[in-house]
Number of protein chains: 2
Amino acid sequence: MRRIKFSRQREAIKELLAESSHPTADEIYIKVREQFPNVSLGTVYRNLNVLSECGEIQKLTFPEGPDRFDCNVMPHYHFVCRSCGRVFDLHVRGLKLDMEDGTDGAELPGRIEAQALICYGTCNDCLADESQDIGA
Amino acid sequence: MRRIKFSRQREAIKELLAESSHPTADEIYIKVREQFPNVSLGTVYRNLNVLSECGEIQKLTFPEGPDRFDCNVMPHYHFVCRSCGRVFDLHVRGLKLDMEDGTDGAELPGRIEAQALICYGTCNDCLADESQDIGA
DNA sequence: TTTATAAACAGTAATCATTACTGTTATTAT
DNA sequence: ATAATAACAGTAATGATTACTGTTTATAAA
């Protein structure tokens with residue numbers, strides 16, 4: 001059982017995570033370097049993994065681009081804009097899994113312990129831009 | 001607009017996809033080599049991308065491991081066993097997104113055009129193994 | 001309040017999945 | 001048949017992430 005020691009770099013990473021929205025490891029790296037010019041990208045990755053293993057943060061994987069990290073560990077889902085690439089929180093009260101019933105293929109393949117839902121679409125900003133383009 | 005030409009390799013990839021369950025590019029590569037010993041991994045990737053851009057197949061991204069491919073393009077979701085790593089189809093009739101309402105943060109960030117849901121847990125086989133271990 | 005320990009570090013090399021490039025082959029429209 | 005070019009095999013390059021190595025630093029015990 002490993003004791004986790006305090007580290008200034010990790011504290012900085014936690015603070016930066018709290019004030020940014022779903023940053024990538026590299027985005028965090030760039031910001032941490034303002035406080036610790038010699039910090040290495042490996043340190044950022046190691047600490048992000050330590051924090052997500054502790055359940056202090058959440059790692060998010062998307063089909064496009066690198067993983068992102070979220071300081072919000074409450075169950076919630078994500079919306080990715082296909083146009084601008086931004087990631088938004090989706091405030092969903094709860095997912096209702098309406099399973100198919102029937103004579104076969106009807107049952108769950110196992111015990112569900114966690115869920116990740118990603119919705120893809122066009123964000124409101126990009127929708128507004130689209131309608132402007134049409135008007136112009 | 002590019003015209004897609006017939007290719008024997010692509011046909012083989014489609015057939016292999018139809019008879020396997022969520023294979024990775026590498027797993028397909030190994031199988032295609034039985035028919036085309038000189039096929040290259042790049043060819044497999046290129047064709048998988050062509051097919052998923054055409055909507056003939058679906059690309060699946062998971063937090064662990066490489067992408068997987070699915071010949072089932074009907075909307076459906078996936079279950080990943082954390083114990084054995086297998087991926088199962090989830091036969092869900094439809095997701096009910098029960099959005100939070102309130103004075104702010106309540107609205108959708110945009111227009112949802114697609115959804116990907118991954119559930120994580122322990123599959124029935126691994127659950128059975130677990131209870132055997134306890135019994136022994 | 002030194003000293004031992006091992007976690008964490010910076011820096012760098014290695015890995016893995018995937019894409020891009022290059023010269024050749026095969027499909028298809030003319 | 002021939003021309004145009006999609007697709008190919010083979011290989012190099014890329015991007016994200018992890019692993020390694022020798023050093024520094026936080027913490028627990030002497």
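To find a chain, count down the sequence lines: A is the first, B the second, and so on, and within it residues start at 1. Scope of the values below: all heavy atoms of this structure, side chains included, with no hydrogens, waters or symmetry mates.
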J.: Ignoring backbone atoms, establish whether B:T43 has a side-chain N or O less than 4.0 Å from OP1 or OP2 of D:dA9.
T.: yes
J.: With B:H78, which residues qualify under ring-ring contact (aromatic ring centres under 6.0 Å, His included), at least two apart?
T.: B:H22, B:H76
J.: Distances under 3.5 Å only, N/O to N/O: pair up the protein atoms with those of nucleotides 23-30 of chain D.
T.:
from, atom 1, to, atom 2, distance (Å)
D:dA26, N3, A:K5, NZ, 3.2
D:dT27, OP1, A:F6, N, 3.2

J.: Using atom types as modelled, flag every donor-acceptor pair under 3.5 Å from a side chain in residues 11-20 of chain B to any protein atom, sequence neighbours excluded.
T.:
from, atom 1, to, atom 2, distance (Å)
B:K14, NZ, B:E56, OE1, 3.4
B:S20, OG, B:L16, O, 2.6

J.: Give every donor-acceptor pair under 3.5 Å between a side-chain atom in residues 117-128 of chain A and any protein atom, sequence neighbours left out.
T.:
from, atom 1, to, atom 2, distance (Å)
A:T122, OG1, B:E113, OE2, 2.7
A:N124, ND2, B:L108, O, 3.0
A:N124, ND2, B:P109, O, 3.2
A:D125, OD2, A:R86, NH2, 2.8

J.: Give the rounded distance in Å between these two atoms: CD of B:E53 and P of D:dA6.
T.: 14 Å
J.: Please name all residues satisfying side-chain hydrogen bond (donor to acceptor under 3.5 Å, both in side chains) with A:S52, sequence neighbours left out, ordered by chain then number.
T.: none
J.: Output all residues satisfying side-chain hydrogen bond (donor to acceptor under 3.5 Å, both in side chains) with B:K5, sequence neighbours left out; order by chain, then residue number.
T.: none
J.: Could you list all N or O pairs between the protein and nucleotides 14-21 of chain C that sit under 3.5 Å apart?
T.:
from, atom 1, to, atom 2, distance (Å)
C:dT18, OP1, B:D67, N, 3.0
C:dT18, OP1, B:D67, OD2, 3.2
C:dT18, OP2, B:Y45, OH, 2.4
C:dT18, O5', B:Y45, OH, 3.4
C:dT19, OP2, B:N49, ND2, 3.1

J.: Contacts to DNA chain C from residues 29-38 of chain A, heavy-atom cutoff under 4.0 Å, which residues?
T.: A:N38
J.: B:N47 side chain N/O closer than 4.0 Å to the phosphate oxygens (OP1, OP2) of D:dA6?
T.: no
J.: Would you mind listing every ring-ring contact (aromatic ring centres under 6.0 Å, His included) that reaches into residues 26-51 of chain B, with sequence neighbours excluded?
T.: none
J.: Check the phosphate of C:dA8 against A:Q9, side-chain N and O only, distance under 4.0 Å to OP1 or OP2. Yes or no?
T.: no
J.: What are the two closest non-hydrogen atoms of B:C81 and B:F88, and how far apart are they?
T.: CB-CE1, 4.4 Å
J.: Applying side-chain hydrogen bond (donor to acceptor under 3.5 Å, both in side chains), name anything that partners A:T61, two or more places apart in sequence or on another chain.
T.: A:D67
J.: With sequence neighbours left out, write down each residue that passes side-chain hydrogen bond (donor to acceptor under 3.5 Å, both in side chains) with A:R68, or none if nothing qualifies.
T.: none
J.: Considering the terminal five base pairs at each end of the helix from C:dT1-D:dA30 to C:dT30-D:dA1, what angle separates the two local helix axes, rounded to 10°?
T.: 30°
